Structures are given as structure tokens and as C-alpha cells.
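In this text the structure is predicted, and so the values were computed from the model without any measurement. Every chain is numbered from 1, with letters handed out A, B, ... down the list of sequences.
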Number of protein chains: 4
Amino acid sequence: MDEISAGPGRPRDPKVDDAILTGTVEVLTERGWAGTTIEEVASRSGVAKSSIYRRYGSKAALVAAAATRDRATRFPGFDTGSAWGDLTAFILGSLRMLASVWKQVLPGMLAEAAADPEISTVVQEFWVWRREAIAGIVRRGVERGEIRAETDPELVLDLFDGPVLFRLLVTRAPLDGRYADRLVDEVMRIIGTSWH
Amino acid sequence: MDEISAGPGRPRDPKVDDAILTGTVEVLTERGWAGTTIEEVASRSGVAKSSIYRRYGSKAALVAAAATRDRATRFPGFDTGSAWGDLTAFILGSLRMLASVWKQVLPGMLAEAAADPEISTVVQEFWVWRREAIAGIVRRGVERGEIRAETDPELVLDLFDGPVLFRLLVTRAPLDGRYADRLVDEVMRIIGTSWH
Amino acid sequence: MDEISAGPGRPRDPKVDDAILTGTVEVLTERGWAGTTIEEVASRSGVAKSSIYRRYGSKAALVAAAATRDRATRFPGFDTGSAWGDLTAFILGSLRMLASVWKQVLPGMLAEAAADPEISTVVQEFWVWRREAIAGIVRRGVERGEIRAETDPELVLDLFDGPVLFRLLVTRAPLDGRYADRLVDEVMRIIGTSWH
Amino acid sequence: MDEISAGPGRPRDPKVDDAILTGTVEVLTERGWAGTTIEEVASRSGVAKSSIYRRYGSKAALVAAAATRDRATRFPGFDTGSAWGDLTAFILGSLRMLASVWKQVLPGMLAEAAADPEISTVVQEFWVWRREAIAGIVRRGVERGEIRAETDPELVLDLFDGPVLFRLLVTRAPLDGRYADRLVDEVMRIIGTSWH
DNA sequence: TATTAATCGAGACGGTACGTCAAGTCTTCTA
DNA sequence: TAGAAGACTTGACGTACCGTCTCGATTAATA
């Protein structure tokens with residue numbers, strides 16, 4: 001995916017790459033999605049506006065890149081030995097990640113994605129690994145006999161991320177550990193082979 | 001809330017009220033949330049910009065008003081005699097309403113609400129009657145013995161609107177009758193007193 | 001020529017008109033034609049950029065307006081009783097006007113006019129009254145018998161402004177009183193009825 | 001001033017020299033002075049921008065070089081046997097040269113020269129040979145007794161190029177053969193020893 | 001019947017950010 | 001070193017809307 005060897009011409013300066021994304025996260029943190037302007041990111045990161053536009057065609061693309069870089073660093077592993085434990089670890093990790101900048105950024109991102117297919121793609125890619133993580137948990141749970149064999153991972157993601165998104169965007173109800181427990185409880189009631 | 005008798009001075013022209021909201025829906029339909037500008041709404045509806053600002057303080061407030069007016073006309077009743085039927089009617093009605101303009105408008109609205117508390121209030125009010133509708137369905141279901149007594153209507157809304165929102169904003173998976181059936185199925189598995 | 005009564009809408013603020021043109025002359029004086037930017041004029045005159053663009057479509061149009069306003073205030077009358085005196089007064093007045101800002105501005109103006117027909121029009125209008133002034137001098141001279149009856153005022157303007165422009169733009173030879181005398185001398189040699 | 005033998009390193013490629021100037025004239029022809037950019041010249045002539053900047057410090061310097069190269073090829077000799085004939089040949093040749101690209105280029109050049117002394121020098125050098133050509137014509141005319149002995153060639157140039165420049169830049173009056181005749185007529189009326 | 005006060009359309013106003021463009025400089029690889 | 005390629009900083013461009021404001025012209029209820 002990455003260019004290994006350079007073509008002709010001056011190669012892009014990785015320090016500039018870095019400064020842009022770091023500056024983006026900074027401005028997002030301070031000003032939120034709507035208050036973030038390319039102009040501010042440029043002046044903040046000591047980089048020319050044109051150097052940003054050369055890389056990213058829009059604010060949304062820029063923020064998406066920053067988010068993608070951030071994701072890699074934040075999410076730990078989870079394989080606790082039980083479906084219950086795995087799901088709890090997964091949802092808690094998600095909520096922890098959300099608690100940072102991205103809680104403020106996500107709404108704007110999603111709005112942009114609704115209009116711009118290119119951004120939509122980026123957003124969906126952002127969710128692909130979540131689906132795969134869930135699929136892994138489900139597979140292990142089925143092998144252990146904790147989860148029903150015909151379970152669709154897509155459905156589980158629906159039931160996890162849907163309500164979280166709903167609370168984040170609409171009801172603004174708290175997204176804490178107790179809520180995580182309840183979510184896992186409900187989901188296991190649907191996909192589990194038995195219940196206490 | 002509404003002024004019943006006029007004070008001194010020229011009263012507001014109801015034709016202007018109407019032209020504004022109608023024009024707003026028109027522009028939203030054609031241009032989507034981001035492409036909708038107050039200036040365009042004004043020129044489209046043959047109304048002065050100041051006449052819009054006199055009524056609504058922002059684009060979001062304007063759109064919220066248009067949405068509220070629209071809601072009243074679109075949503076039919078539902079009381080089918082069974083919890084299963086009620087929930088299905090409710091979710092199908094919701095999906096039908098979403099299929100119109102508001103699918104395009106909702107993301108932008110929610111993004112704005114995330115930043116502006118005033119808009120957030122409007123959005124939440126928009127959801128209040130949904131909670132109440134669900135509460136009614138649950139109450140009737142409990143009385144009939146179809147739904148477990150301790151069921152929290154809030155939770156049911158979570159499980160309905162969450163996944164729908166998730167699909168709408170993120171995965172863009174289809175929101176059709178089959179999906180509605182599956183949703184009701186899952187929810188009833190959680191809140192129902194028995195299952196087949 | 002001027003609008004006496006206003007159309008609908010807020011009328012243009014004459015203080016803004018004035019601030020813009022005054023600021024333009026200021027910036028031109030300090031920075032010259034090339035160094036003058038609309039942005040600088042705006043910030044200097046405490047006026048929004050859009051208020052300038054609302055009035056003038058380009059730098060050249062803006063400067064032309066400033067020049068036109070300036071012309072009215074700078075040029076005194078001339079009717080000295082003899083063709084010789086009139087022409088001398090005319091050419092001296094012209095050189096005096098040139099000695100101010102406009103010496104620096106004219107080249108850029110003319111370059112712009114060469115490309116943009118609209119500017120060209122403005123520039124030519126700027127020269128119309130010179131043609132007319134010359135025509136008046138010629139007419140009076142013919143009546144007095146000092147100037148040959150068939151004299152074409154256009155030609156006289158050619159012979160006056162041409163060499164001045166040439167010196168200004170190319171040779172940068174001095175444009176002083178002695179040169180003015182010589183110019184009048186030459187021209188009278190062509191259009192005069194006799195010579196000493 | 002020119003490097004005769006190369007120092008160390010790769011010598012400059014004369015094909016590049018040529019491509020640059022040829023491309024410059026091409027672009028000037030198509031786009032005029034203002035529309036000509038170094039970037040376009042570079043891509044047009046298949047040469048790197050840095051190869052242009054290595055040779056010429058600015059757009060004006062580049063265009064000046066192109067003009068200088070062009071001048072040598074265009075202007076024929078003139079020595080017709082009479083002052084009248086010489087002057088007519090000279091002015092007609094000048095007008096013919098002007099009719100090409102340079103009519104469009106001159107205004108921009110002169111504007112630049114007004115601000116940049118370096119360009120001003122180039123422009124003045126461009127006029128030196130005209131002064132000398134006129135000086136030759138005058139000298140021969142004086143020897144033949146057609147032109148008054150005290151005639152200043154500088155003045156003649158003033159009277160020729162001034163009006164031409166004026167018409168070119170300002171009035172846009174036609175510059176054809178008839179005008180050439182009239183110009184010669186007027187000038188001879190001033191510097192000639194007699195008239196018909 | 002006049003007065004008063006708010007509305008209406010229109011459009012100017014000071015702003016802010018946009019995305020584009022060209023200038024001139026710098027950095028890499030290749031010849 | 002030159003040369004091609006292209007990234008880089010800089011700075012102005014002209015545009016689009018924002019939300020506020022000032023006009024002159026209505027439009028009722030009040031005096």
C-alpha cells in the first residue's frame with residue numbers, strides 16, 4: 001500500500017506528514033469538528049495550506065487520516081478465555097477510545113460521510129476491523145460452546161455499536177462500565193446458548 | 001408557547017411561515033444538509049433572509065422546525081392487538097419516514113446537535129414521542145403478558161433506533177421489511193416472556 | 001449620471017465609498033501598483049474585502065475609480081488668452097498631476113488595460129476630457145488666428161501625451177518645465193499659422 | 001560576461017536554452033503577458049522550472065531575453081536615398097514588428113520596468129539601437145540638406161515612438177501605413193528645411 | 001383618522017474560510 | 001554540476017455565506 005521507492009522529484013517530507021496529522025488532532029481537541037479549519041491546522045502545524053491540500057482533498061479526508069493513525073495506537077488486544085469476557089473487553093476498549101477526541105469528531109465525520117462517498121469509504125474501512133474483531137470473538141465462543149453456531153457477527157456489531165452511537169448522538173445517556181455490562185448481557189441473551 | 005393575541009405592530013404573515021418551511025424542505029431535498037444555505041432557502045421561497053432569522057436563529061433550528069412539521073403529517077397510529085404487531089408497525093413506520101428527505105438530513109442535524117446544546121435539545125425533543133410510543137407498546141404488552149414486567153422502554157428504544165442509526169450512518173446496510181422483522185425478533189427475545 | 005433616489009435595500013454607505021478610495025491612494029503611494037493588493041486596501045481602510053468587490057471587479061477598476069476622483073480635484077482651469085499660454089498651462093498641469101502617485105500607477109494600469117477591454121474603456125474615458133480640453137484650446141486658437149483651421153485635436157493630443165508617455169515609460173528622461181516649453185514649441189510649429 | 005569555457009560539472013545544454021525561449025514566445029503568443037507563467041513555459045518547453053530560474057531571475061527577465069533574440073531577426077535595413085524615404089521605412093518597419101506578439105507583451109514589460117530597475121535597463125537597451133538608427137537617418141539627411149543641422153535625434157524618437165506608444169496603450173487608434181505617412185509628415189515639418 | 005410598532009423585501013455591511021494559483025526555493029534521483 | 005521532477009512556503013486571489021444592519025414600504029391594533 002505504501003510507496004517504498006520514490007519516483008522522480010522531491011519526495012514528500014515525512015516530518016510534514018506528521019506535523020499535519022498531529023496538528024489536526026490538536027485543533028480537533030481544542031475546537032471540535034466544526035471549529036476545525038484547514039487554515040488553522042496549517043498555521044498550527046507550521047505547514048503551508050497547499051501542503052495539506054496536496055495530501056487531503058477535504059477536511060473530512062484529513063480528519064479521517066488522523067483518526068486512522070490514532071486507531072492503531074489506542075486499541076489493545078482482548079482474548080480473555082470466555083465469550084463474556086471477550087465481549088466486555090471489546091466494548092470497554094471501544095468506549096475508552098470514544099472518550100477521547102473522537103467523541104467530538106465522530107458526528108461531523110458521519111455527517112460528511114453521508115454526503116461524500118469517498119469519506120463514506122474511509123468511515124466504513126474504519127469499521128471493518130471491528131467486524132473482524134467481533135467475528136473472532138464469535139468464532140472462539142462457538143468453539144467453546146458459549147455462542148450459538150448460526151450467529152451472524154454483523155448482527156452483533158449492530159447491537160453493540162448501534163446503541164452506543166444512538167446514545168452518543170441522540171440521547172446523550174452515559175456510556176460507562178455499567179452500560180457496557182448491560183449491553184453484553186443483552187447481546188448474550190440473543191446469541192448465547194444458555195443463560196443464568 | 002405560541003402568541004395568541006398580537007401586540008401592536010404588523011403581525012407575522014403566516015404565508016411567510018409556510019413559504020420558509022416549504023422552501024427549506026425543497027432545498028434540503030435537492031442539495032442535502034451541507035448544501036443547504038439560508039441564503040438559498042430565502043431566495044427560493046421568495047422571502048427575505050431577515051424574515052428567516054427573525055424566526056430561527058440558525059440553519060439547524062430552521063431544519064428542526066421543518067422536520068417537526070413534517071413528522072406530524074407522516075406518522076400513522078399503531079395498536080394492532082399484539083406486542084409483535086405493535087413493534088413491527090412502529091419500526092416500519094419509522095423506516096418509511098426515514099426513507100424521505102430526512103435520511104439525508106439526519107446526519108448533519110446530529111452533527112450540529114453535538115456541538116450546539118440548543119440544537120441538541122430540539123433533537124432530543126424529537127425523540128421524546130418515540131420513547132413514549134415505545135412505552136405505550138411495552139405497557140400494553142406487559143398487561144397482555146407478552147412482555148416481561150421489568151422491561152425498560154429506554155432499552156427498547158436503544159435496541160431499535162441504535163442499530164437503525166448505525167446502519168444509516170455507518171454500514172449503509174439495507175433498512176427494509178426483512179430487517180424490521182429481524183429487529184423485532186431480537187428485541188422480543190430480550191424483553192419477551194417466551195419464545196418459539 | 002449619479003443615482004438620485006435609492007432602489008430597494010440598504011443604500012451604500014458613502015463613508016465606505018470614501019474610505020475605499022482614500023485607502024487605495026494611500027496604499028498605491030506606499031507600495032506602488034504591483035505592491036497594492038485588494039486585501040491590503042481593505043484592511044487599511046477598515047472595510048471588508050467584499051465591500052470592495054461589490055463595487056469594483058478588479059484592482060484595475062478600483063484604481064481607475066481612485067484616479068478619476070483624484071483628477072477632478074487636481075486639475076485647475078486654463079484659459080490664458082493665447083494658444084501658447086493655454087497649451088503651456090495644459091501641459092504643465094498634466095506634468096504636475098503625473099508627478100504625484102499616478103506616475104507609479106499609470107504603467108500598471110495601461111498594462112492591465114491592454115488585456116482587459118473593460119479596463120481599457122475606463123482608461124480611454126480618462127483620456128476623453130483631455131481630448132476635449134485640447135479641442136477647446138484649438139478652437140479658441142483658430143478663432144484668434146493663431147492656429148491653423150484644419151488642425152485635428154486628436155493629432156495634438158498624440159504629440160503631447162505620446163512623447164510624455166514615452167519618456168515616462170521608456171527613456172525616463174526628465175519631464176520638467178523646459179521639456180514642456182519644447183513640446184509646445186514643436187506642436188505650434190506644426191499647427192501654428194506662423195512662427196518667430 | 002558570457003562563459004566561454006565550462007567550469008567543472010555538466011555544461012548547460014544549448015537545446016534547453018533554445019527550448020526555453022521558443023516556449024516563452026509560444027506561450028506569450030497564446031496567452032499574452034499576464035497569462036504567461038513560468039510554470040506553463042516550463043511544461044510547454046519540456047524543461048524544468050529550475051532550469052529557467054537558473055538562467056533568468058524573473059518572468060520579466062525571461063521575456064526580455066526572448067524579445068532580444070526576436071529583435072535581431074525581424075528588422076531589415078533602410079537607406080532609401082531620401083530622409084523622407086528613410087523615415088518612412090523606419091516607421092513602417094517598427095509598426096510591422098509591433099504587429100506581432102510584442103504588441104501584447106510591451107505593456108506588461110513596461111509596467112514591470114517601472115517597478116524593477118533591472119528590467120528597466122533591459123527595456124532601455126532595447127531602445128538604444130532605435131536612437132542610433134534615427135541618428136543615422138538624421139545625419140544623412142543633414143548632409144543632403146533635407147534636415148536642419150541642429151536637429152536632436154532624441155527629439156525625433158520622442159515624436160515617433162511617443163505617439164505610437166500612446167495609440168498602442170491608450171487610444172488604440174489604428175497604426176497603419178496612412179498613420180505612418182502622417183507621422184513622417186509632421187516630423188519633417190519640424191525638422192525639415194522646407195516644405196511643399 | 002392618525003399614530004405607532006412590528007413586519008416585509010432588499011441588499012449593504014464586516015467577517016471568516018474556502019479552495020486555487022503562481023511565485024520562487026529546495027531536495028531528490030539520474031545523466 | 002545540470003537537468004527533470006515535484007514538494008515546499010508564501011501570499012493573494014476571487015467566491016460564498018455567515019449573521020447583522022439599514023433602508024423604504026406595508027399592515028394591523030391603538031389612541
Atom NZ of B:K49 to atom P of E:dT7: distance rounded to whole Å?
18 Å
Write out a two-atom table: protein N or O, nucleotide N or O from nucleotides 26-28 of chain F, distance below 3.5 Å.
residue : atom : partner : partner atom : Å
F:dT26  : O2   : B:R10   : NH1          : 2.7

Does the side chain of C:S51 get closer than 4.0 angstrom to OP1 or OP2 of E:dG14 through an N or O atom?
yes
Using heavy-atom distances to pick each residue's nearest nucleotide on DNA chain F, tell me which of A:V47 and D:D13 is more 5'.
D:D13
Between CD of D:E112 and C1' of E:dA22 the distance, given in whole Å, is 13 Å
Which atoms form the tightest heavy-atom contact between B:I20 and B:R55, and what is the distance?
CD1-CD, 3.7 Å
Expressed in angstrom and rounded to an integer, what is the separation of D:E39 atom CD from E:dT20 atom P?
15 Å
Kindly give the heavy-atom pair with the smallest separation between B:A66 and B:T24, and that separation in Å.
CB-CG2, 4.1 Å
In whole angstrom, what separates C:Y53's OH from F:dA12's P?
11 Å
Nearest-nucleotide 5' precedence on DNA chain E, C:P14 against A:S58:
C:P14
Quick one: on DNA chain F, does B:S50 or D:S50 contact a more 5' nucleotide (nearest heavy atom)?
D:S50
Position toward the 5' end of DNA chain E (nearest nucleotide), B:R12 or D:G57:
B:R12
Rounded to whole angstroms, how far apart are CZ on A:R54 and C1' on E:dT27?
13 Å
Regarding the side chain of D:R55, the nearest nucleotide among E:dT25, F:dG3, E:dA22 is F:dG3
Examine the side chains of C:T22 and C:R69 and answer whether a donor and an acceptor come within less than 3.5 Å of each other.
yes
Return the value, rounded to whole Å, for the distance between atom CH2 of D:W33 and atom P of E:dA22.
15 Å
Between B:E40 and B:E30, is any pair of side-chain heavy atoms under 4.5 Å apart?
no
